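In what follows, chains carry the letters A, B, and so on, assigned in the order in which the sequence lines appear, proteins first and then strands, with residues in each chain numbered from 1. On a predicted model such as this, the values are computed, not experimentally measured, just so you know.
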Amino acid sequence: MSRPVVTRFAPSPTGFLHIGGGRTALFNWLYARRHGGKMLLRIEDTDRERSTESAIQAILDGLQWLGITWDGDVVYQFARAARHREVAESLLAQGRAYHCYASQQELEEMREKARAEGRPMRYDGRWRDRDPSEAPPGVKPVIRLKAPQDGETVVEDKVQGRVVWQNKDLDDLVLLRSDGNPTYMLAVVVDDHDMDVTHVIRGDDHLTNAARQTQIYQACGWEVPEMAHIPLIHGPDGAKLSKRHGALGVDAYRSLGYLPIALRNYLVRLGWSHGDQEFFSTQEMIDAFGFEGIGRSPARFDFAKLEHLNGHYMRSSSDADLVSAIETILPEIGPPRGAPTALTPRLRAQLTAAMPGLKERAKTLVELFDSAYYLYASRPLTFEAKAEALLADGGRARIAALLPELEALAEWSAAATEAAVRTFADANGLKLGQVAQPLRAALTGRSTSPGLFDVMDVLGREECLGRLRDQAAKA
RNA sequence: GCGCCCUUCGUCUAGCGGUCCAGGACGUCGCCCUUUCACGGCGAAAACACGGGUUCGAGUCCCGUAGGGCGCGCCA
């Protein structure tokens, strides 16, 4: 009875997969999964000038990183041009479309005039009913749709509701260019029809297109798929998303140290909700997703909330997974921090051992790796201003006094060093912080770090004593 | 200019005529925990754009106004 659900994600390969595209893909994917259907991937590369191979690769990589999979082979729209042409010719033969010989200049004048007279800027249909014999010699015509001039065109949108256009406000769009190539408007309709797409889920910047595409469906005598136009994502300032804010490629979010699972959770809640639920596992998203939960107003991109989610997912990730996540972005984030591009077995082991304390304190992988500085730093350490202040303020003297106690330790463990430090503090009438903070500074170069005794444990006896001696010597 | 869409705390949102002196989350601010920073816990400030209707009753329905967005190509 009802056909199996088929959705599609149809990006044009003129740039990376940006955050809005990622969410559109996610929604299509979730809807298909929710209904046991398929999500197809179609690359809309009919603009030969602007489409690039690297952009296609970036989109594929981005989807893969986000964990969004598609069914079947990737469809390349340009490869289907002959089929698009065939449909246009067929419409022409049926009298539902016509040749238009208007020149670029004429069209420009038309727009100018309309603007001057305060009328909508539309093609005036001057070739609509002219006899082909009037065609000017040597001019290659375009094929335009003979769109209905009276009545209305209705889109029953699953998100926007019933949206109505007066046909007099819609003009005869071009189906086939004079060079014989299809326009986007035609190609989309033909492809969605041929691919048996049942649900078109896309940004609401396409809402007006939906009306014009509906006219094409009707001219072809084809069933119009369900439509769902989702509101766009805006930048933090409410304006259209630009490169300055969130319109980064999804690969940029990877480099920034975000986890795909966190980005997915953030994205799914942008414009969609399910009661008060904030956290969704992939399965929960699939089970709960539906058009009912999609709002109609645009949402602003908020890094702070993304970071919060990312922190949440980092804390609940396994230590091993986080280490390997860091390793994948290490070539990018390592060198700027004086760290290698790959982990040595020893460093990997230390990073893994320190991970419980590290992941608790970071919002991104980059931040996490940054706070792991003490693991990959080599003597002599460089000190942040606050760390230097802790050492200068009597800190070095305390380290010098404590040093013999630590050197004499028979066993080097978190418990053993903690006992020694506490005993030392008590014996000298010092608060633990007065001893611990200078130690932290000397060992990590920072005023903040994971638990001090865990740091000492992971770092090991020799490295710790070495770093402490460096400071004791300056006391 | 024309068409279409949108408008609840700073942000994401719940709310589908009475249960709302509007709930959750992020952020912000306080307190607690604490060797630091986080995490966690507790608490606070913070919104129905405005004006008319409809109704016994409106954040919820209708109409205006204002503000914002998208579209108006032989781009996609």
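- With hydrogens and angles left out, the side-chain atoms of Arg202(A) and Thr24(A) include no donor and acceptor closer than 3.5 Å.
- Look at the P atom in both rC50(B) and rC9(B): the space between them is 10 Å, to the nearest Å.
- Straight-line distance between the C1' atoms of rA45(B) and rG10(B): roughly 12 Å, to the nearest whole Å.
- Residue contacts for Leu232(A): at a heavy-atom cut-off of 4.0 Å it reaches the sugar-phosphate backbone alone, with no base atom in range.
- For Tyr266(A) and Tyr258(A), the ring centers are positioned 6.0 Å apart or more.
- Contact annotation for Arg212(A): no contact, since no heavy-atom pair falls under 4.0 Å across all strands.
- For the pair Asp276(A) CG and rA22(B) P, the computed distance is 16 Å after rounding to whole Å.
- Aromatic pair His199(A)/Tyr31(A): ring centres closer than 6.0 Å.
- Val164(A) comes within 4.0 angstrom of sugar-phosphate atoms only, judged by non-hydrogen atoms across all strands, and of no base.
- When ring centroids are compared, Phe291(A) and Trp272(A) stay outside the 6.0 Å threshold.
- Using a 4.0 Å heavy-atom distance criterion, Asp179(A) is classed as making no nucleic acid contact.
- Distances shorter than 4.0 Å separate some side-chain N or O of Thr46(A) from OP1 or OP2 on rA76(B).
- Ser447(A) and Arg440(A) share no side-chain donor-acceptor pair at under 3.5 Å.
- Residue contacts for Glu292(A): at a heavy-atom cut-off of 4.0 Å it reaches no nucleic acid atom on any strand shown.
- Judged by distance alone, the side chains of Thr46(A) and Tyr76(A) never bring a donor and an acceptor atom under 3.5 Å apart.
- No salt bridge links Asp204(A) with Arg296(A); every basic N to acidic carboxylate O contact stays at or beyond 4.0 Å.
- Remark on RNA chain B: of its neighbouring residues Arg162(A) and Ser103(A), the 5'-side contact belongs to Arg162(A), judged by nearest-heavy-atom nucleotide.
- When the C1' atom is used for both rU7(B) and rG51(B), the distance is 15 Å, rounded to whole Å.
- Nucleotides rC63(B) and rC70(B), compared at atom P, are 25 Å apart to the nearest Å.
- Of the candidates rG24(B), rU13(B), rC74(B), rU13(B) carries the atom nearest the Ser273(A) side chain, counting heavy atoms from C-beta on.
- One atom, CD of Glu307(A), and another, P of rC12(B), lie 17 Å apart when rounded to the nearest Å.
- As rounded to whole Å, 19 Å separates atom P of rG71(B) from atom CZ of Arg122(A).
- Residue-level contact check: Val142(A) touches the bases, meaning some heavy atom is under 4.0 Å from a base atom.
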Scan nucleotides 6-11 of chain B nucleotide by nucleotide, 5' to 3', and note B when protein non-hydrogen atoms come under 4.0 Å of the base, S if they reach only the sugar-phosphate, - if neither. SS---S

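- As rounded to the nearest Å, rC48(B) and rC16(B) have C1' atoms that lie 15 Å from one another.
- Contact annotation for Ala387(A): no contact, since no heavy-atom pair falls under 4.0 Å across all strands.
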With sugar-phosphate taken as primed atoms, P, OP1 and OP2 and all else as base, the protein-contact string of nucleotides 34-46 of chain B at under 4.0 Å (heavy atoms; B, S, -) is -BBBBSS------

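- Tyr217(A) and His193(A) have their aromatic ring centers separated by at least 6.0 angstrom.
- For CG of Asp179(A), the number of neighbouring non-hydrogen atoms (other residues, nucleotides, ligands) closer than 6.0 Å is greater than 12.
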